[in-house]
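Below is one structure, written out as structure tokens; comments come after it.
Side chains are part of it too, since the values below use all heavy atoms of this structure and drop only hydrogens, waters and symmetry mates.
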Amino acid sequence: MISQCLRLLCLLLGAVTMVGCGGGSSKSPAMSRSTVRERAIATTRVARATFALAGLGRHITRAPHTGMGRTALFLAALHHTRDAVTEGKDADTGLFFTLTTAADGSGQQNLFTDAAHTHAAGRYAWNAPQWPNGQPDTYPVLLHEDFQVTDGTFKGAVGTADSTLSDASGNNGKIHMTFTDAMGETAVCDLTIDNGMVHADDKVTLPDQTTFDEQDISQTDGSMQCTFIFPDGSKDVEIMAPDGTGTETLTDSNGTVEESGTFQDTGMETLNYQDGSSETVNVDTADTSTGNTATESSVHSRTVRPRPLTK
């Protein structure tokens with residue numbers, strides 16, 4: 001009787017051990033199609049918005065001396081003429097603008113969808129620069145901005161940016177930016193610009209409270225590598241070319257490719273899934289919670305093959 005009880009106890013312990021070890025397998029559960037889709041779209045969307053809203057955009061990758069973008073533009077306007085208005089087209093947001101700088105260095109950049117400046121699309125407003133000891137044209141100088149974009153590609157984005165320019169060249173400094181986009185995604189970004197080249201560390205929170213870390217590094221060939229790491233160990237890697245096009249590959253925690261895509265500077269991206277199907281979406285307007293977007297089309301074809309990352 002005792003021996004039978006011991007045998008039964010051993011069997012029970014063995015079963016518990018197998019359950020506790022996942023049946024002897026350490027492989028993580030497969031990612032759902034909806035999760036893969038959501039992450040592929042969100043990562044590309046947030047990366048595009050981060051650089052455009054910071055005034056760096058895809059043009060930061062064109063050469064090692066592209067500088068601090070919009071922040072440098074503010075200071076350039078201040079140095080050339082006071083109480084002046086400069087106008088043009090913002091290469092990063094695709095919107096037209098007028099730039100007004102007051103005598104103390106404060107001012108605003110008003111955004112418009114048209115060259116005639118009849119349809120407002122938001123604005124950037126900044127306080128007077130904080131020069132060291134109150135001495136203008138001495139560095140480092142601090143600049144605080146509040147912004148809101150009400151139309152165009154990044155419609156619905158709102159946030160703040162605190163920029164530090166290390167010298168008069170506009171090629172060196174830091175930007176701490178926080179923004180929320182129209183989809184309810186929030187990003188806290190710390191960008192460092194060294195001789196015009198960018199290194200950024202960001203923390204992004206999706207509407208469902210999923211968070212992921214993003215690291216962006218300028219490459220010597222002029223491209224930008226963006227790496228996104230999720231809490232479950234899955235990872236998305238994007239390579240952005242100087243012209244704003246790029247590729248991205250999303251893998252699960254085991255390194256298995258779940259999706260691979262290519263995107264255009266317009267925000268249109270083709271997502272190629274593991275099962276061979278694909279779809280094309282506008283990442284700037286796609287609603288990942290429902291899968292709907294006004295400019296989305298879906299294609300299901302076994303002939304579609306993921307495009308490899310450019311090295």
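To the nearest 0.5 Å, atom CD1 of residue Ile175 and atom OG1 of residue Thr50 are 11.0 Å apart. Rounded to the nearest 0.5 angstrom, Asn110 CG and Thr100 OG1 are separated by 6.0 Å. Taken to the nearest 0.5 Å, the CG atom of Asp202 stands 6.0 Å off from the CG atom of Leu191. Considering CD of Glu258 and CE of Met31, their distance stands at 6.0 Å, rounded to 0.5 Å. Atom-to-atom distance recorded for Glu269:CD and Thr245:OG1 is 11.5 Å, nearest 0.5 angstrom. Between the OG1 atom of Thr164 and the CG atom of Asn172 there is a distance of 12.0 Å, given to the nearest 0.5 Å.
A donor-acceptor pair is defined here as one N or O able to donate and one able to accept, closer than 3.5 Å; such a pair exists between the side chain of Ser218 and the backbone of Val198. Between the side chain of Asn282 and the backbone N or O of Asp284 there is at least one donor-acceptor pair closer than 3.5 Å. For Thr44 (side chain) and Ala40 (main-chain N/O), a donor-acceptor pair under 3.5 Å exists by modelled atom type. The main-chain N or O of Gln109 is never found under 3.5 Å from a side-chain atom of Trp126 such that the two would form a donor-acceptor pair. At least one donor-acceptor pair closer than 3.5 Å links the side chain of Asp252 to the backbone N or O of Gly255. A distance-only check finds no donor-acceptor pair linking the side chain of Ser223 to the backbone of Gln219 [under 3.5 Å]. At least one donor-acceptor pair under 3.5 Å links the side chain of Asp104 to the backbone N or O of Ser106. Looking only at distances, a side-chain donor or acceptor of Arg48 sits under 3.5 Å from a matching main-chain atom of Asp265. Checking side-chain atoms of Thr138 against main-chain N and O of Gln135 turns up a donor-acceptor pair under 3.5 Å.
The shortest distance between side-chain heavy atoms of Thr227 and Gln225 falls below 4.5 Å. Residues Asp92 and Phe51 have side chains not in contact (no heavy-atom distance under 4.5 Å, counting atoms from C-beta outward). Under the 4.5 Å side-chain criterion, counting only non-hydrogen atoms from C-beta, Asp181 is in contact with Arg45. Taking the side chain as every heavy atom from C-beta outward, Lys235 and Leu250 never approach each other to under 4.5 Å. In this structure the side chain of Thr43 reaches within 4.5 angstrom of the side chain of Glu238, judged on heavy atoms. Arg39 places none of its side-chain heavy atoms less than 4.5 Å from the side chain of Asp236. Contact check for Arg37 versus Val281: side-chain heavy atoms found under the 4.5 Å cut-off. By the 4.5 Å heavy-atom criterion applied to side chains, Glu279 and Thr270 are not counted as neighbours.
When the side chain to side chain contact (heavy atoms under 4.5 Å, CB included) test is applied to His144, the partners found at least two apart in sequence or on another chain are Asn127, Asp146, Thr160, Asp162. Take Ala182 and apply the side chain to side chain contact (heavy atoms under 4.5 Å, CB included) test, not counting sequence neighbours, and it matches no residue. The side chain to side chain contact (heavy atoms under 4.5 Å, CB included) test applied to Val158 returns Gln148, not counting sequence neighbours. By the ring pair (Phe, Tyr, Trp, His ring centres under 6.0 Å) test, Tyr124 is found to be paired with Phe147, residues two or more places apart in sequence or in another chain being considered. Applying the side chain to side chain contact (heavy atoms under 4.5 Å, CB included) criterion to Lys174, with sequence neighbours excluded, gives Thr192. For Phe96, there are no ring pair (Phe, Tyr, Trp, His ring centres under 6.0 Å) partners, not counting sequence neighbours. Residues passing the salt bridge (charged side-chain N to carboxylate O under 4.0 Å, His left out) test with Lys203 are Asp213, sequence neighbours excluded. Remark: Asp208 engages Thr210 in a side-chain hydrogen bond (donor to acceptor under 3.5 Å, both in side chains) (not counting sequence neighbours). With sequence neighbours excluded, no residue forms a salt bridge (charged side-chain N to carboxylate O under 4.0 Å, His left out) with Asp216. With sequence neighbours left out, Asp90 forms a salt bridge (charged side-chain N to carboxylate O under 4.0 Å, His left out) with Arg70.
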Dump the intermediate steps for side chain to side chain donor-acceptor pair (under 3.5 Å) on Ser234 and Asp232, then the final yes or no.
-> CA-CA 6 Å; Ser234 60; Asp232 61 6; 2.7 Å; yes

Checking side-chain contact (heavy atoms from CB on, under 4.5 Å) for the pair Leu95/Val149: CA distance, chi angles, key distance, verdict?
-> CA-CA 10 Å; Leu95 297 170; Val149 182; 4.1 Å; yes

Any chance you could lay out the side chain to side chain donor-acceptor pair (under 3.5 Å) test for Thr247 and Thr262, step after step, and finish with the verdict?
-> CA-CA 4 Å; Thr247 60; Thr262 59; over 6 Å; no

Met224/Ile239 under side-chain contact (heavy atoms from CB on, under 4.5 Å): CA gap, chis, key distance, verdict | CA-CA 6 Å; Met224 180 76 74; Ile239 302 295; over 6 Å; no

Pair Ile217-Met197, side-chain contact (heavy atoms from CB on, under 4.5 Å): steps then yes or no = CA-CA 8 Å; Ile217 302 177; Met197 305 292 280; over 6 Å; no

Decide yes or no on side-chain contact (heavy atoms from CB on, under 4.5 Å) for Val36 and Tyr273, but give the supporting numbers first.
-> CA-CA 9 Å; Val36 171; Tyr273 298 102; 4.1 Å; yes

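Considering all non-hydrogen atoms of both residues, Trp131 and Val141 come closest at CE3-CG2, 3.5 Å. Smallest separation of non-hydrogen atoms from Pro207 and Met183: CG-O, 3.1 Å. Contact detail for Pro132 and Pro140: the closest heavy-atom pair is CG-O, 3.1 Å. Residues Gly122 and Thr150 share a closest heavy-atom pair of N-OG1, 3.1 Å. Heavy atoms only, all atoms of each residue included: Ser163 and Glu145 are closest at OG-OE2, 3.4 Å. Of all non-hydrogen atoms in Leu165 and Tyr139, the two that sit nearest each other are O-CD2, 3.5 Å.
Glu259 pairs with exactly one of Leu271, Thr249, Thr251 by the side chain to side chain contact (heavy atoms under 4.5 Å, CB included) rule, that one being Leu271.
Among pairs with a residue in residues 195-214, those fulfilling ring-ring contact (aromatic ring centres under 6.0 Å, His included) read Phe212-Phe228, Phe212-Phe230, at least two apart in sequence or across chains. Within the structure, ring-ring contact (aromatic ring centres under 6.0 Å, His included) pairs that include any residue of residues 170-192 do not occur (at least two apart or interchain).
Here the two rings, on His119 and Phe112, have centers that are 6.0 Å apart or farther.
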